[in-house]
Amino acid sequence: FERAVGLDRLEGGGFRTLRLDSSYDFERQMAVFVPTGLPDPCRSTDRGYAAYLEALAAVLGDVHRAMGGSVLTLFTNRRDMEELHRRIAAPLARDGLRLLIQERGISRKRVAEEFIADESVSLFATKSFWEGFDAKGDTLRCVVVPRLPFGAINDPVLEERKERDSGWWEHYYLPEAILELKQAAGRLIRSSTDQGCLVLADARLSGSKPYARRFLDALPVRDVERLPATELGRVVRERFGRGVS
């Protein structure tokens, strides 16, 4: 932040920083799950992309059935969101679970109100729901992030930063993605009585990527639980669920 706004250019300590702890007891109020055994979302082939979608559809189906509604899944792109909604919405409906999607041409306000009005409803959403969306209590008890929110690599602003700063990844690209993930996690706990779980279903967080620890350390919960994707639904049901069989 200091570099981005130019504070690092001030001489003689011309500014101070202060970090204030939250009043929420995150360790008690929320759990963070990282399912293992999923394909890498950075698919290099059509076959790899198909395997990724198949595995993610299974995870999302398990989590929604375990929770019995009140799940917010935050996508980084519309293509994945629409394809996964096509795959799991009908099977969930047969189990009595309604899954909304943030469709083109429908206002964010309308979708948000429909989600908040019914605790049994879940929502697939994109960028506009990553921040500034407030749903307290049982309306929202689980947030799922299928893919780390790295920005578009060909974004014009990023291209300019690449030209000006050889450390663009470390100074801008990675920190902005970490901040986006913190914003997503912030949708879950909106009051001192809220409880729920955050599911981070990106294989890069359970693999050997050197930046994985940076994302996890930025979360308000120190104890991140890694478990096989096939076990996730059972654990979520036992700890947080009101789901269907």
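Bear in mind that the values here come from a model prediction, so they are computed numbers and not experimental data.
- Residues Phe15 and Leu10 meet the side-chain proximity criterion, which asks for heavy atoms closer than 4.5 Å.
- Using a 4.0 Å cut-off between a side-chain N of Lys or Arg and a carboxylate O of Asp or Glu, Glu176 and Arg161 qualify as a salt bridge.
- A side-chain donor-acceptor contact under 3.5 Å links Arg147 to the backbone of Pro41.
- For the pair Ser70 (side chain) and Leu140 (backbone), a donor-acceptor distance under 3.5 Å is absent.
- No side-chain heavy atom of Gln183 sits less than 4.5 Å from a side-chain heavy atom of Leu181.
- Within a 6.0 Å radius of CZ in Arg47, no more than 12 heavy atoms belonging to other residues, nucleotides or ligands are found.
- By the neighbour-count criterion of 12 heavy atoms within 6.0 Å, atom CD of Glu163 is sparsely surrounded, having that number or fewer from other residues, nucleotides or ligands.
- Checked by atom type and distance alone, the side chain of His171 never pairs as donor or acceptor with a backbone atom of Ser166 at under 3.5 Å.
- Glu113 and Lys109 are joined by a salt bridge, as a carboxylate oxygen and a charged side-chain nitrogen come within less than 4.0 angstrom of each other.
- In this structure a side-chain-to-backbone donor-acceptor pair under 3.5 Å is present from Asp194 to Arg190.
- Judged by a 6.0 Å distance limit and a 45° cone about the ring axis, Arg108 is positioned over the six-membered ring of Phe129.
- Looking only at atom types and distance, the side chain of Asp155 has no donor-acceptor partner in the side chain of Tyr173 under 3.5 Å away.
- Ion pairing between a basic and an acidic side chain is recognised when a charged N comes within 4.0 Å of a carboxylate O; Asp62 and Arg237 show no such pairing.
- You'll find the side chain of Pro146 reaches within 4.5 Å of the side chain of Phe75, heavy atoms only.
- Heavy-atom contacts from other residues, nucleotides or ligands closer than 6.0 Å to CD of Glu160 number more than 12.
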Audit row: Gln102, Ser128, side chain to side chain donor-acceptor pair (under 3.5 Å) steps and yes/no: CA-CA 10 Å; Gln102 186 183 3; Ser128 62; 2.8 Å; yes
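- No side-chain heavy atom of Leu123 sits less than 4.5 Å from a side-chain heavy atom of Ile101.
- Heavy-atom contacts from other residues, nucleotides or ligands closer than 6.0 Å to CZ of Arg110 number 12 or fewer.
- Between Asp25 and Glu27, the closest side-chain pair of non-hydrogen atoms falls below 4.5 Å.
- By the 4.0 Å N-to-carboxylate-O rule, Glu159 lies too far from Arg164 to be salt-bridged with it.
- A single hydrophobic cluster is seen to contain both Leu74 and Leu100, as judged by linkage of ILVMFWY side chains at heavy-atom distances under 4.5 Å, directly or through other members.
- Listed for the Asp95 side chain is no donor-acceptor partner under 3.5 Å among the backbone atoms of Leu97.
- Ion pairing between Lys182 and Glu131 fails under the 4.0 Å rule for side-chain N and carboxylate O.
- Just one of Leu200, Leu205, Leu216 meets the side-chain contact (heavy atoms from CB on, under 4.5 Å) condition when paired with Arg226; it is Leu216.
- Grouping the Ile, Leu, Val, Met, Phe, Trp and Tyr side chains by contacts below 4.5 angstrom, directly or via other members, places Leu232 apart from Val221.
- Considering only heavy atoms from C-beta on, Glu114 stays 4.5 Å or farther from Val111 through its side chain.
- Ring geometry for Phe115 against Phe133 counts as tilted: the plane angle lies between 30° and 60°, on a 0 to 90° scale.
- Side-chain contact between Phe26 and Val32: absent, with no pair of heavy atoms (C-beta onward) separated by less than 4.5 Å.
- Using a 4.0 Å cut-off between charged nitrogen and carboxylate oxygen, Glu231 and Arg234 count as a salt-bridge pair.
- Here the side chains of Arg79 and Glu83 are not in contact, with every heavy-atom distance at 4.5 Å or above.
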